[in-house]
*Asks:* 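This structure is in structure tokens; I'll ask about it shortly.
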Amino acid sequence: MGRMSDLNTADTPGTDSPDTPPHSPTAAEDGTPMTPSVPEKPALEGLEEKLSRAWEQERLYRFDEDAERGTVYSIDTPPPTASGSLHVGHVFSYTQTDVLARFHRMRGRNVFYPLGWDDNGLPTERRVQNYYGVRCDPSRPYDPDYTPPQSPAKNQRDWDVISRQNFIELCEDLTVEDEKVFEDLFTRLGLSVDWTQTYRTIDDDSRTVSQRAFLRNVVSGDAYTAMAPTLWDVSFRTAVAQAELEAKERPSAYHRYAFAAAGGEQVFIETTRPELLPSCVALVAHPDDERYRHLVGTTVTSPLFDVEVEVRAHHLADPEKGSGIAMICTFGDMTDVTWWRELDLPTRTVIGRDGRFSAETPEWLTTESARANYGRMAGLTVHSAKETVVEMLREQDLLDGEPTPITHAVHFYEKGDKPLEVVTSRQWYIRNGGRDAERRSAMVERGREVRWHPGFMRSRYENWVEGLNGDWLISRQRFFGVPIPVWYRLDAQGEPDYEAPILPEESQLPVDPAAQPAPGFDESQRGAAGGFVGEMDVLDTWATSSLTPQIAGRWGRDDTFFDAVFPYDLRPQGHDIIRTWLFSTVVRAHTLHGSVPWTDTALSGWILDPDRKKMSKSKGNVVVPTEPLEQFGSDAVRYWAASAKLGADTAYEIAQMKIGRRLAIKLLNASKFAFNLGVTEEHIVHDADTSAVLSEPVDRALIAELRDVVERSTRSFEDYDYARALQLVESFFWSFTDDYVELVKERAYGSRGEDAQASVRAALATTLDTVLRLFAPVLPFATDEVWRWWRSGSVHAAAWPAPEDLGSVEGAPALMSTVAEALAGIRRAKSEAKVRQRTEVRSARITAGATEAGHLEAALGDLLAATRSHSLELVSEGAAGGGVVVSEVDLADPEEG
RNA sequence: GGAUCCGUAGCUCAGAUGGUUAGAGCGCUCGCUUCACACGCGAGAGGUCGAUGGUUCGAGUCCAUUCGGAUCCACCA
């Protein structure tokens, strides 16, 4: 109730700036109400440009940095990938967030609505490389005077090789243009983002936050380094995390061949990866499997490679799969890793980080034929090695039958195009519950502290957390990204000590250990025995993205600021990245702050094309978002987005945008009509109960209904159900224009005297005032356009309407609908007679229940005028209920009308 | 295999805590220059709420089973 009303009285330069449109109201400096100034022909065209400029000038969406926590509503906005392409999905989900932001702003909250850019990661790395023709070598020293080539060299070998810092600077230069395109789109869309609160995930501040968080995690034991088998992408030559996996269906085949057991027994195994035979370390069968029980504890010898391996028992061995006994290799998949770990098996690595079989023949192959056989596959890719092994098995008649083709799921890195291998390497991890039940249940608990919109999305989170099979792998063997800020001491033999990494002081951040010496060392000691080496790996992008609340909130730079916004009120995002962005953010907040990062999260749905297929670039069905914005206007597109509930995958619907456009235009026209009837700001009724002006029952009924709409739409908004709120306001508004306005037109023209006219004006002014504010979050342009015709300031600085503002109007909420039924009855008679609605009615009978008849009686004057009736006979039949029946309509001759 | 969501008029969707003849918009049909709007206005037709059982005085709404669609996770022997 007026919590923000002081904001719209002063300091609004828009009204008298040079950009003021000709029809802008003439602001009265002394605060007296102004005469509405309405254009001849209201239109949506041009509103976006005009109003977004006004909002910027008026600094409407600036976050008040001195605000107290209690008044703040902070949003952990997703940073778009700067080098990514625009998609209607952006328009869709960002609008949904903006609608919520606008609601809370009008509710009096000081909204912190920043927007950052995600320019840290592979997409940017690739784009910068190709655009400039450069490559990053982190060991290069920084060259402050470096300028990239005019055009990239044709041959990649001729590309400039530059330091990480130089690479980061190029990235910052290049993404400026990309970001501009996004900013233009978002501005045009009417996002009420505070554009002074921006960041980039690769800038100094973000790197500092990312490194600080990492260091704190190291100190607390939440981050650690370990040598372990990890999933590895052979094209990108980096380790990848569980969250980045994608299972793809691939054709494959079971190959059946036998190991030789004692006494000449043949033990057949079936495998889709025969090429791993030289790395076999054991066979495994289920302990209860009768077929193999006698073999457990004995050894068998591998075909082709003559390696003696043990037969072991393990409950994970599935008697149903293949022959029921499996070959354990180093490493065919993560199950191999489990067996290797739990059965304490030897390591026999044959596949290198480049995805090829090692060129040297492994020392555990001892027989001459084994070494010869391996020689044929040395240096080959996995694919070729498989062909070679199968060939050799065939040549020596070791293959039992032909390979059986199957289709099975294979793990890929989501950005990669070759199956992942498992290689052993030293990596950094963050404890996320993947190896620790206590942490896991803590993470589930955190998930329950957050309110999910819609609620069922939480089960995806829990599903993911409960299915984790290892800690979060955060190191990447890439060149571009946030460096892992550690160094390692070299002992006298020049071997690094990974157990006690050298950490920088937080005040030194950001650091690049590849280019800067470790604290206490000199650059000349790099790589020397007794000296140090810098960590060369970078952090996974999610390790930085998981800190968007800390980055935008200036954690470590401005604690007062951070405390004012953290934990955030809202995390909006897509439901596809619950396992990555959402979960990792929860993990970081838990380890760094011992709290959830936000109290609520809103999950937007996907955009599907009209055939209900997911829109994606590869399918070529992506709609460029500027098209609908130009064609229908921003409010129309926003209406489409705001009509969809959170979490609901939604079709790209032009029809829905047309409806939104119609609504926005109607709002302009209906408002214009009211103002042309002499409605001004002065007519607004602030308490319908005590208002003597509001004398007509019909008018009071309208306000009573409006009050109900305010109440219910507010409740829906509080519950993050903006779609329902919109629907409530919209249906009220259409019945307002179609029935109420039609009903009171004549009275508004003054046909029934000044008091009756004043009552309409009060109802119209009050309704308009309220409805504009109710629509403002969804239709920011049309509503503010109208607002500026008759009020000072912006509707977006006005307070959200409260039911109390309208008083507790007693009376008949059903009156309006009863009258509308009677109105429709007469209209129907005219329609059926195929005459114009202006045709006069000599007489008609309206039958209704007692209560309804009373309502009609109260509205009779308006009803007569609106239907152009000479006389209406009201018949009360029954107590209440029952429909309103219009009969015996006697229409005048058309000539009379 | 585990989990989640969805299945309501030709289309896109609403239908809190189960309660009188199931709603909206679009589309369709018919009509109308009615002094805000033809980017308009009025009227009409159109649904046994995927199916089958059950709970209940009463179910689109709750339970079970089942069919269909979608998504997430797991699944490389």
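Letters go in sequence order (proteins before strands), and every chain restarts at 1. For clarity, every value in this text was computed on a predicted model and none was experimentally measured. Heavy atoms only: backbone and side chains are in, while hydrogens, waters and symmetry mates are out.
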*Asks:* So what does T335(A) touch, heavy atoms closer than 4.0 Å: a base, only the sugar-phosphate, or nothing?
*Replies:*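 Counting heavy atoms under 4.0 Å across all strands, the contact made by T335(A) is with sugar-phosphate only.
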*Asks:* Nearest nucleotide by nearest heavy atom, which residue falls closer to the 5' end of RNA chain B, R828(A) or A655(A)?
*Replies:*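 Nearer the 5' end of the strand: A655(A).
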*Asks:* Is there any salt bridge (Lys or Arg N to Asp or Glu O under 4.0 Å) pair reaching into residues 721-733 of chain A, and which pairs are they, with sequence neighbours excluded?
*Replies:*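 Applying salt bridge (Lys or Arg N to Asp or Glu O under 4.0 Å) to every pair that reaches into residues 721-733 of chain A, excluding sequence neighbours, yields nothing.
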*Asks:* Please work out if E742(A) contacts a base, only the sugar-phosphate, or nothing of the nucleic acid, heavy-atom cut-off 4.0 Å.
*Replies:*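 Result for E742(A) = base.
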*Asks:* Would you mind classifying the nucleic acid contact of A833(A) as base, sugar-phosphate or nothing, using non-hydrogen atoms under 4.0 angstrom?
*Replies:*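 Answer is nothing: A833(A) stays at 4.0 Å or more from every strand.
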*Asks:* Can a side chain N or O of R827(A) be found less than 4.0 Å away from OP1 or OP2 on rG44(B)?
*Replies:*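 Checking rG44(B) against R827(A), no side-chain N or O comes under 4.0 Å of OP1 or OP2.
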*Asks:* Going by number, which of residues 629-648 of chain A have a non-hydrogen atom under 4.0 Å from RNA chain B?
*Replies:*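 Those residues are K645(A).
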*Asks:* Within less than 4.0 Å of OP1 or OP2 of rC72(B), is there a side-chain N or O belonging to R579(A)?
*Replies:*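 So the side chain of R579(A) is outside the cut-off, no N or O lying under 4.0 Å from OP1 or OP2 of rC72(B).
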*Asks:* Contact class for R661(A) (heavy atom, under 4.0 Å): base, sugar-phosphate, or nothing?
*Replies:*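 If one applies the 4.0 Å heavy-atom cut-off, R661(A) turns out to touch a base.
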*Asks:* When all nucleic acid strands are considered with a 4.0 Å heavy-atom cut-off, which category describes I654(A): base, sugar-phosphate, or nothing?
*Replies:*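 Result for I654(A) = nothing.
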*Asks:* Which base sits across from rC30(B) as a Watson-Crick or G-U pair, both distances under 3.5 Å?
*Replies:*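 When the pairing criteria are applied, rG42(B) turns out to be the nucleotide that pairs with rC30(B).
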*Asks:* Which part of the nucleic acid does N469(A) contact within heavy-atom distance under 4.0 Å: base, sugar-phosphate only, or nothing?
*Replies:*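 If one applies the 4.0 Å heavy-atom cut-off, N469(A) turns out to touch nothing in the nucleic acid.
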*Asks:* Does the protein touch nucleotides 3-10 of chain B at the base, only the backbone, or not at all? Give it as B, S and - per nucleotide, heavy atoms under 4.0 Å.
*Replies:* SSS-----
*Asks:* Does A317(A) reach a base, just sugar-phosphate, or nothing at all? Heavy atoms under 4.0 Å.
*Replies:*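 Base: the residue A317(A), judged by heavy atoms under 4.0 Å, touches a nucleobase.
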*Asks:* What does L667(A) touch in the nucleic acid at a heavy-atom separation under 4.0 angstrom: a base, only the sugar-phosphate, or nothing?
*Replies:*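 Since no nucleic acid heavy atom lies under 4.0 Å of L667(A), the category is nothing.
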*Asks:* Identify whether any heavy atom of K745(A) sits under 4.0 Å from a base atom; if not, whether one sits that close to sugar-phosphate; answer base, sugar-phosphate or nothing.
*Replies:*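 The residue K745(A) makes base contact.
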*Asks:* Does E462(A) come within less than 4.0 Å of R458(A), counting only side-chain N to carboxylate O?
*Replies:*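 R458(A) and E462(A): salt-bridged.
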*Asks:* Keeping R761(A) on the side-chain end and H683(A) on the backbone end, is there a donor-acceptor pair under 3.5 Å?
*Replies:*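 Not confirmed, R761(A) side chain does not pair with H683(A) backbone.
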*Asks:* For Q573(A) and I577(A), indicate whether the former's side chain and the latter's backbone hold a donor-acceptor pair under 3.5 Å.
*Replies:*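 Yes.
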*Asks:* Taking only side-chain nitrogens and oxygens of K41(A), does any of them come within less than 4.0 Å of OP1 or OP2 of rC39(B)?
*Replies:*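 It does not, given that no N or O in the side chain of K41(A) lies less than 4.0 Å from OP1 or OP2 of rC39(B).
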*Asks:* Could you tell me whether I665(A) contacts a base, only the sugar-phosphate backbone, or nothing, with contacts defined as non-hydrogen atoms closer than 4.0 Å?
*Replies:*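 Result for I665(A) = base.
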*Asks:* Are F733(A) and F775(A) an aromatic pair, judged by ring center distance below 6.0 Å?
*Replies:*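 Yes, the ring of F775(A) comes within the 6.0 Å limit of the ring of F733(A), centre to centre.
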*Asks:* Would you say the side chain of Q242(A) and the base of rA74(B) hold a donor-acceptor pair, judged only by whether the two atoms sit under 3.5 Å apart?
*Replies:*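 No, the side chain and the base share no sub-3.5 Å donor-acceptor pair.
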*Asks:* Write down the distance separating the P atoms in rC49(B) and rC62(B), rounded off to the nearest Å.
*Replies:*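 Roughly 15 Å separates the two P atoms.
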*Asks:* Hey, would you say the Y461(A) and W452(A) ring centroids sit under 6.0 Å apart?
*Replies:*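 They qualify: ring centres under 6.0 Å apart.
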*Asks:* Going by atom types alone, do E852(A) and T818(A) pair a side-chain donor with an acceptor below 3.5 Å?
*Replies:*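 No, no side-chain donor-acceptor contact under 3.5 Å.
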*Asks:* Please say whether the positively charged group of K645(A), taken as NZ for Lys or CZ for Arg, lies over the ring of Y720(A), i.e. under 6.0 angstrom from the six-membered ring centre and within 45 degrees of the axis.
*Replies:*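 No, a cation-pi geometry is absent between K645(A) and Y720(A).
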*Asks:* Now, which nucleotide makes the Watson-Crick or G-U wobble pair with rU52(B), with each of the two distances under 3.5 Å?
*Replies:*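 Base-paired to rA64(B).
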*Asks:* Taking the six-membered ring for Trp, are the ring centroids of F632(A) and W640(A) within less than 6.0 Å of each other?
*Replies:*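 Ring centres of W640(A) and F632(A) not closer than 6.0 Å.
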*Asks:* How about E246(A) and Y413(A): does a side-chain donor come under 3.5 Å of a side-chain acceptor?
*Replies:*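 No, no side-chain donor-acceptor pair sits under 3.5 Å.
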*Asks:* Under 4.0 Å from OP1 or OP2 of rG31(B): is there any side-chain N or O of R836(A) that close?
*Replies:*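 R836(A) to rG31(B) OP1/OP2: no side-chain N or O under 4.0 Å.
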*Asks:* Name the pairing partner of rA3(B), where a pair is Watson-Crick or G-U wobble with both distances under 3.5 Å, or state none.
*Replies:*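 WC or wobble partner is rU71(B).
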*Asks:* Provide the distance between the two P atoms, one in rC41(B) and one in rC73(B), to the nearest whole Å.
*Replies:*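 My reading of the P atoms in rC41(B) and rC73(B) gives 46 Å.
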